[in-house]
Amino acid sequence: MCGIVGYTGKHSVTDQLLDSLELLEYRGYDSAGLATLNGDTGKVKLRKCAGRVSDLRKLCQNDKKLSTCGIGHTRWATHGGVSDENAHPHRIGDVLLVHNGIIENYEELIDHFMLHKELKSQTDTEVVAAVLNRFYQGDPHDAIRKTVKYLKGTFALVILFVDHPDVIYAIRNVSPIVAAYNENGTMLASDVVALGATADRYMVIPEYVITELHKSEIKLFDWKGEPCEAQFMEIDWDTTRDGKGNYPFYMEKEIMEQPEVIKATMEERIIDGRIDLSVDGIPDNILKECERVCVVACGTAMHAGLVAQAFIQSKLQMHMSVEYASEFMYSDPVIDEKTLVLAISQSGETIDTLEALKYARKKGAKSIAVINVKGSSIARESDYVMYTSAGPEIAVASTKAYTTQLIALFLLIGRMAKVRGAFDELDEKKYLENLVQTPDKMQEVLEQKEAIHKIARDMLDAKDAFMIGRGLDYSILLEGALKLKEVSYIHTEAYASGELKHGTIALITENTPVVAVVTQSRLKDKELSNIREVQSRGASVVLMVKESFELSDAEYADIFLLPAMADEFMVFPASAALQLLAYYVSMDKGLDVDKPRNLAKVVTVE
Ligand code: AGP
């Protein structure tokens, strides 16, 4: 996935493009570029380089900033390595193009149009620019339509035609583009967060609608060339970012924000001591009539689904599956009108999750999305949406989005249990008594961050690590392992501790770091004996254990006591401890905690 911006208006655009690209770097940050078009002279300026937007800013610093129309791009490499040549924009003849998506048939297009000699990069995007230029005879709409007919895959194309200064053209299929205007001009971007400071209303460019951004208006044309209306929406949430505050990295700031944002996600859904989802408009019959629940999500969002699964099966005695969204539709899942699909996504733009949701809905499933970004593609695709109140999550490693997803899921499950008769008044009261403790219990862990920092210091040189637990502890550790590996690059594997002895324990040697989480009363004894199995083979075990559990006198490299809650709520304190562990290992290794190598915050390619 990549970040795209475009501006055309009264003022010089270079700095606006750079500032907006910086806000989109979470979508990809291995190279960046921009192109400006001077309406008076027709002069094109193209600047692009491998590296961050800050490197691009340096490249532009001595340019005369006279152009008032331009496009920009920050890249997460899909086709072609990280290089100046492969950075966007790509120019072929009179066409300048930036693109987010994947053109699956780009190699066929190279052969079909015999483009080999024209291409300088290894990207699919340059192929599209070449085809556009091939068809361009002075009419941008004609060239765009003829080109798009050949494209297979997902795309957000933002185009400048050199002899049409001041106008930016755009067309999309699946990959997102939003647009807005103000008194200074019109702008577009991959995500509202890049528009937030300049506009208070925005529109989503509809698929296969050719959009023209002029200096003072936005024009839309349907596939037949007929003008069509733009549907504007309010930007009614805070898209601006108040920076890192006093924290060195966004990840730490976002970990520390969790008690507050969990409260915010909860408070609008607990009214007079009862779970009330009217703010989400979810009718009870949806929760009452479904016969099975299926989660489609990726990464951390999928791990939130696993925690919910443990809950739904135990509380509701109902079958629930949790599917990797990227695998879902290829596994021929059993989905029908009695299925309730939960699409969980922080960004609401993860294409694997979006496509899985579309597939399930086509099969008749009802859908509820748990989303952090309002108006996002998955939110728009779903029958109902529960918005979390995590606020903008900037660090690539998801933390506060995960725990607020859990809160939303716990509330949804609680309501489901009530309407299906699995909860009586007393059950709901006890359930909520635990749920409302989560912010304080997490806060207790966050206040002991230095104890976790000390544990982290002993892991800095590890190349491999294991995280072991059973039941809900295992689901918690799948997320803990993802956190550690994605920000510290230590190859970390979460393992059901009872399964270790069936092969993987062969990897345990002297001082192999093992993090064990023990929070489930009925599994504690078995988990402790599994821990002894790895200790007897030399493992160095860090134990994270519910503080109320009695422990034998076994030797541990370290013990961290987790504030006690009812077993099924222990995911909250345990996650806070595991997030801090990953954060401190990464920070003490001197890595870029917020932007780990090879990653991006939003994955809008399949
Ligand atoms: C989380 O730390 C990762 N960055 C990644 O797994 C992420 O959770 C996943 O890509 C899903 O993103 P989404 O929640 O925006 O759909």
Side-chain angles (χ1 to χ4, degrees), residues 1 3 24-29 76 174-176 190-193 249-252 254-255 258 295-308 322-328 341-358 369-382 385-388 390-406 408-409 476-489 492 494 575 578-583 585-586 591-606:
M1 66 312 326
L24 293 180
E25 272 198 305
Y26 72 88
R27 300 177 63 88
Y29 38 84
W76 183 77
V174 181
S175 299
S190 303
D191 181 331
V192 176
V193 75
F249 293 101
Y250 277 108
M251 185 174 175
E252 183 177 355
E254 290 157 5
I255 289 172
Q258 290 180 106
V295 167
V296 291
C298 302
T300 291
M302 189 258 190
H303 295 151
L306 288 173
V307 173
V322 181
E323 311 283 349
Y324 284 115
S326 55
E327 294 289 311
F328 177 66
V341 163
L342 302 183
I344 307 171
S345 173
Q346 188 283 132
S347 63
E349 296 298 344
T350 299
I351 196 159
D352 289 326
T353 308
L354 177 62
E355 293 305 308
L357 172 62
K358 287 179 179 176
V370 178
I371 302 282
N372 193 41
V373 178
K374 290 193 181 170
S376 51
S377 302
I378 295 172
R380 296 197 306 276
E381 177 64 34
S382 191
V385 185
M386 291 183 86
Y387 282 113
T388 52
E393 185 178 71
I394 309 311
V396 166
S398 189
T399 52
K400 63 177 182 174
Y402 171 67
T403 47
T404 52
Q405 285 161 1
L406 289 173
L409 291 166
I476 293 168
L477 286 167
L478 282 168
E479 172 55 17
L482 175 61
K483 282 287 96 45
L484 184 60
K485 71 181 114 176
E486 68 176 329
V487 296
S488 76
Y489 314 147
T492 310
S575 302
L578 292 163
Q579 290 166 355
L580 286 170
L581 179 67
Y583 170 72
V585 173
S586 178
L591 299 171
D592 185 344
V593 181
D594 287 337
K595 296 193 180 90
R597 68 186 181 208
N598 305 343
L599 294 181
K601 183 66 179 171
V602 183
V603 184
T604 56
V605 292
E606 281 187 278

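Read the numbers this way: they start at 1 and go in the same order the structure lists the ligands and their atoms. Atoms considered below: every heavy atom in the structure, side chains included; atoms not considered: hydrogens, waters and symmetry mates.
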Near [X], which atoms of ligand 1 are under 4.0 Å from a heavy atom of that residue?
X      : result
Ala301 : 8 (O), 14 (O)
Thr300 : 1 (C), 2 (O), 6 (O), 8 (O)
Ser398 : 1 (C), 2 (O)
Ala397 : 2 (O)
Lys483 : 1 (C), 2 (O)

Give me the nearest non-hydrogen protein atom to [atom] as residue plus atom name, then the distance to 0.1 Å.
atom                    : answer
atom 6 (O) of ligand 1  : Gly299 CA, 3.2 Å
atom 10 (O) of ligand 1 : Val603 CG2, 4.1 Å
atom 15 (O) of ligand 1 : Ser347 OG, 2.7 Å
atom 14 (O) of ligand 1 : Gln346 N, 2.7 Å
atom 12 (O) of ligand 1 : Thr350 OG1, 3.5 Å
atom 2 (O) of ligand 1  : Glu486 OE2, 2.4 Å

Side chain to side chain, [X] and [Y], heavy atoms closer than 4.5 Å:
X      : Y      : answer
Ser347 : Lys601 : no
Ile255 : Phe249 : no
Leu482 : His303 : yes
Leu409 : Val295 : no
Ile394 : Asp594 : no
Gln346 : Val373 : yes

Original post:
Short question: side chain of Trp76, backbone of Asn598 - any donor-acceptor pair under 3.5 Å?
Top reply: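 Judged by distance alone, yes, a pair lies under 3.5 Å.
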Original post:
Is it true that a side-chain atom of Tyr489 and a backbone atom of Ser586 form a donor plus acceptor pair closer than 3.5 Å?
Top reply: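 Answer holds: no.
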**OP:** From atom 11 (C) of ligand 1, work out which of Ala395, Cys298, Ser376, Gly348 has a heavy atom at the shortest distance.
**Re:**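 The option holding the nearest heavy atom is Cys298.
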Original post:
Below 4.0 Å from any atom of ligand 1, is there a heavy atom belonging to Val396?
Top reply: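 Checking ligand 1 against Val396, which is what was asked, there is a heavy-atom contact under 4.0 Å.
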**OP:** Check whether any heavy atom of Glu349 sits under 4.0 Å from an atom of ligand 1.
**Re:**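 No heavy atom of Glu349 comes that close to ligand 1.
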Original post:
With a 4.0 Å heavy-atom cut-off (strictly under), which part of Met302 contacts ligand 1: side chain, backbone, both or neither?
Top reply: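 No part of Met302 comes within reach of ligand 1.
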Below 3.5 angstrom, do we get any N/O pair linking [X] and ligand 1?
X      : answer
Lys601 : no
Gln405 : no
Thr353 : no

Original post:
Can Thr300 and Lys483 be counted as having a side-chain donor-acceptor contact under 3.5 angstrom?
Top reply: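 Result is yes, a qualifying pair exists.
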Subject >> Check: Thr403/Gln258 side-chain N/O donor and acceptor closer than 3.5 Å >> reply: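 Gln258 and Thr403 do have a side-chain donor-acceptor pair below 3.5 Å.
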Original post:
Above 12 or not: heavy atoms from other molecules or residues under 6.0 Å from OH of Tyr324?
Top reply: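 For Tyr324, atom OH is not crowded (no more than 12 foreign heavy atoms under 6.0 Å).
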